[in-house]
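Below is one structure, written out as structure tokens, with a few remarks after it.
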Amino acid sequence: IMGMREFLTDQLINADGQIRISPRDELKTPESFRGVFFAEAHVFWIKPPAGRYDANRLSSRALWERRLDQAPEALAYAPQLNRQVFVLHNDETLSVRMVGIEPDVQRMVSNIEKHIEHGRLTDWPGAGAAVIAGGALLDRLGLRPGDNLMIAAPRREAQPVKIKGVFRTGNRTLDESVVYAALNTVQRITASSGEVSDIVVKVRDPMAAADLADQWSQFSRDKVQSWDQANSQIFEIFRSQDIFFNSITGIILLIVAFGIYNILNMVVTQKKREIAILKSFGFDERDIMQLFVIQGVILGILGGLAGLAVGAGVCAWLQTIPINRQGFGAMSTAKTLMVSWSAWIYVKAFLITLASAMVSSLLPARQGARLSPIEIIRGAT
């Protein structure tokens with residue numbers, strides 16, 4: 001599960017920048033029309049306005065570009081134009097998202113280039129009406145690179161484009177519903193001359209993207225959202241998993257503690273005579289406690305090391321289990337079960353085991369240290 005979590009986090013961070021600046025949709029309320037009909041007049045609504053304004057362009061692209069040029073936290077940014085269009089082939093019509101990009105800067109903010117299995121982003125500048133489509137989409141339509149495809153924007157005539165490349169990200173939803181094209185191509189097909197709907201930003205510290213997005217959102221009415229804010233539901237699932245993991249870890253700790261306690265308790269019972277002899281030679285309670293605590297620590301260290309070795313072996317085996325056998329093809333990024341090899345996982349497991357062994361050895365050690373030599377000898381006779 002930690003391996004899958006690391007994989008998803010990497011995909012979210014590197015897929016398309018860490019901060020997205022896009023138009024903000026506003027709800028229609030009576031306040032939205034204040035002063036529109038009559039200045040300083042109160043309007044009585046028979047039916048209050050509802051719904052929302054769907055903005056499809058940024059408030060000021062030039063202003064954002066100047067601000068990002070001066071922001072030291074921004075490594076690169078790329079304008080985009082996202083439009084919903086229809087692809088038509090034979091008798092099939094599909095709704096897809098057409099993303100207009102500038103190839104030279106898009107490759108600096110996302111990892112889309114590494115998922116392209118045919119063609120290159122650099123082929124676009126002189127290619128005219130060309131697109132790079134998802135492999136799952138082309139498989140569904142029965143097309144391949146070099147074929148022509150008809151694309152129609154809402155209330156616009158269909159126009160032909162040539163398929164110059166294919167990408168496969170391993171995400172079937174994305175591979176089946178997205179088409180990339182040059183920014184000017186999308187502007188022409190959708191009659192959006194000069195428009196930009198989004199600016200995607202790559203920042204120096206992806207983990208600080210949320211704080212940065214909150215700061216930038218105060219500069220404009222546009223929506224500024226970081227990668228983790230846009231995928232907050234996924235991180236809610238992660239937090240639920242953490243609660244489950246911690247509960248399981250607590251149960252395991254109890255099992256380990258009781259196991260070590262029982263072992264040392266039996267040792268104390270069996271070694272009463274030896275304890276009496278040690279005390280008669282001058283060993284005090286602290287010395288006796290140290291003996292049993294050290295014994296418990298040794299058990300914890302040996303058990304922890306053995307557990308790490310067995311755990312690493314099981315993880316290595318799990319990593320060979322094939323997954324994703326259907327649908328994503330050769331460019332899939334996840335062909336086997338993903339396993340996290342973070343050193344912190346092993347360090348944390350060993351420290352928890354060692355701490356559990358030390359705590360569980362204190363009670364038997366204290367019990368053995370309090371034994372009276374005279375009572376032990378009397379009991380033995």
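Under a 4.0 Å N-O distance rule, the pair K164/D147 does not qualify as a salt bridge. The pair R20-D198 meets the salt-bridge criterion, with a side-chain N (NZ, NE, NH1 or NH2) lying under 4.0 Å from an Asp/Glu carboxylate O. Remark: R204 does not engage E73 in a salt bridge, criterion side-chain N to carboxylate O under 4.0 Å. Salt bridge R107/E102: absent, no basic N to carboxylate O contact under 4.0 Å.
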task: Verify side chain to side chain contact (heavy atoms under 4.5 Å, CB included) between F245 and I248, making sure each step is shown before the conclusion.
output: CA-CA 5 Å; F245 293 157; I248 295 297; 5.8 Å; no
Residue pair E195, R61: steps toward the side chain to side chain contact (heavy atoms under 4.5 Å, CB included) verdict: CA-CA 9 Å; E195 292 186 15; R61 173 185 176 181; over 6 Å; no
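A donor-acceptor contact shorter than 3.5 Å is absent between the side chain of S356 and the backbone of I352. Side chain of T190 to backbone of V186: a donor-acceptor contact under 3.5 angstrom is found. Remark: the backbone N or O of L63 is paired with a side-chain donor or acceptor of S60 at under 3.5 angstrom.
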Please tabulate, for the side chains in residues 229-241, all donor-acceptor contacts under 3.5 angstrom to protein atoms that are two or more places apart in sequence or on a different chain.
unit_1, atom_1, unit_2, atom_2, d
Q229, OE1, S226, N, 3.1
Q229, OE1, S226, OG, 3.3
Q229, NE2, D214, OD1, 3.2
N231, ND2, W227, O, 2.6
E236, OE2, R239, NH2, 2.7
S240, OG, E236, O, 3.1
Q241, OE1, R5, NH2, 2.8

Give every donor-acceptor pair under 3.5 Å between a side-chain atom in residues 89-98 and any protein atom, sequence neighbours left out.
unit_1, atom_1, unit_2, atom_2, d
E92, OE2, R140, NE, 3.3
S95, OG, Q84, NE2, 3.1
R97, NH1, N82, OD1, 2.7

Below 3.5 Å, can you tabulate the donor-acceptor pairs from side chains in residues 298-321 to any protein atom, sequence neighbours excluded?
unit_1, atom_1, unit_2, atom_2, d
Q319, OE1, W341, NE1, 3.1
T320, OG1, W317, O, 2.5

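Apart from V200 itself, the hydrophobic cluster it occupies contains V109, where clustering links Ile, Leu, Val, Met, Phe, Trp and Tyr at side-chain heavy-atom distances under 4.5 Å. Taking a 4.5 Å side-chain heavy-atom cut-off between Ile, Leu, Val, Met, Phe, Trp and Tyr, the cluster of I255 extends to I251.
The shortest distance between side-chain heavy atoms of P23 and L58 falls below 4.5 Å.
Note that NZ of K114 and CG of N111 are 5.0 Å apart. Values are rounded to the nearest 0.5 Å.
Open room surrounds CE on M358; 12 or fewer heavy atoms of other groups in view lie less than 6.0 Å from it.
Under the ring-ring contact (aromatic ring centres under 6.0 Å, His included) criterion, W64 pairs with no residue at all, not counting sequence neighbours.
With hydrophobic clusters built from ILVMFWY side chains whose heavy atoms lie under 4.5 angstrom apart, L141 shares a cluster with V179.
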